[in-house]
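Below is one structure; the comments refer to it alone.
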Amino acid sequence: MTGAMSGTNRRDPGLNGRSFTAAQSFLLSSKLYWTRKMFPALREKYNGLAAKESTPPESAADVARLIANTPDYQVYAWLERHLQRFKYSGRYGLQAYHDDMREDLLASLDQADLPDGMLTLDPDLEMPRYYKAVDIHQHPGGVWSDEIAGFVYERGARSTTPTMGTRHADLHDRLVMAVDEALESDPTDIFDMACGFGKSTGPFIERYRDAKITGMDLSAPCVKLAAKTAAEAQANNIRYMQGNAFESGFADESFDLVTSTMYLHEMPPPQIEKTIEESARLLRPGGYMAHLDFFRLPDAFTRFIHYGHGRRNNEPFMEPLAEMDLAGLLERNGFKDIRIEPFAEDDGVLDEGYRPWRFPWTLITGVKAA
Ligand SMILES: C[S@@+](CC[C@H](N)C(=O)[O-])C[C@H]1O[C@@H](n2cnc3c(N)ncnc32)[C@H](O)[C@@H]1O
């Protein structure tokens, strides 16, 4: 392994990557403070202000009128935006850190020993406008435009939900457990829409060894990393493809399980509608669809905070998704047994007394009518 791969940061000769590590650990501690202390304090402040109102605030706009101009909210919001920017950009950000290892990272992709059919790329794939227009979650160039974007995203995803630390992987395991509980028999053909670098696909690969699994993502750097990881784990039930998941090109009724994680909120409503239509088209009668995303917002305060999060984190479609009639959309596309329910990404997070900031995880499922 070269110095670069072992963590030497050429911008800080001799420090052996310590500045990067220290900066990222400062960032994580700050994010934890923001999550565990600042957010509950802001909610307390809001509760106090709301209690004085003659009619309880009902909408995000009502909440904005009460707290948007308070220093408490403005510091909270500023930190949310800039801690994330700090994570990716600047001297100690993920982008600079990985830039220093670029050659080695690319060589590791090129030299990956992939079985035939494990990776299909589409160099002519047209990227949707919504995808190119925004540096999603403040990742410079998005998760697709730089050849090393898969590595940068993989590292960034380790601290997406700061309170979970390395247990972040549990989120994806929990989805597989929930799907498994809902199914009467093991699926044989599984489609993981927008699989990213394979984090959401991994637990399906492990749980359903006899199934044929397909992971598809627009990002070539992400699916390349996903395939490398799967090959290293000697998986033989997975193929990764670069493609547009809502125009997948597969034949009707190719799958008995269609799933996605953190995908719907990345697109405008017309593309969300296409995704549900595509899920229905691809499923066999009786097949199961499970999309894990951010949707159920139990009160006006949560709504206001989530919409602000979307704007601050360069995720402009969080709000339009949350405003959609998803149950109606599923019904119109022939799904039955529709469930749209809060999803616990960790123990205790749905308890009444849980106070730290969290994403409004929601599991959206339906069965294709026979
Ligand atoms: C937040 S990431 C989630 C990745 C993965 N599912 C996970 O849980 O780690 C969203 C992914 O959606 C992908 N994406 C967005 N629009 C897409 C589309 N139309 N087709 C395929 N992938 C898409 C992005 O490239 C990105 O990898």
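Counting starts at 1 for both ligands and their atoms, in listed order.
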Any chance the rings of Tyr153 and His137 have centres within less than 6.0 Å?
yes
Any heavy-atom pair between the side chains of Tyr208 and Ile190 that's under 4.5 Å?
yes
Distance flag, aromatic centroids of Phe250 and Phe191, threshold under 6.0 Å:
yes
Any side-chain to backbone donor/acceptor pair from Thr362 onto Arg296? Under 3.5 Å, distance only.
yes
Please confirm whether the ring centroid of His265 lies under 6.0 Å from the ring centroid of Phe317.
no
Heavy atoms, side chains only, cut-off 4.5 Å: are Ser59 and Arg303 in contact?
no
Near ligand 1 (heavy atom, under 4.0 angstrom), the protein residues are Tyr130, Tyr131, Val143, Tyr153, His172, Ala194, Cys195, Gly196, Lys199, Ser200, Asp217, Leu218, Gly243, Asn244, Ala245, Phe246, Thr261, Met262, Tyr263, Glu266
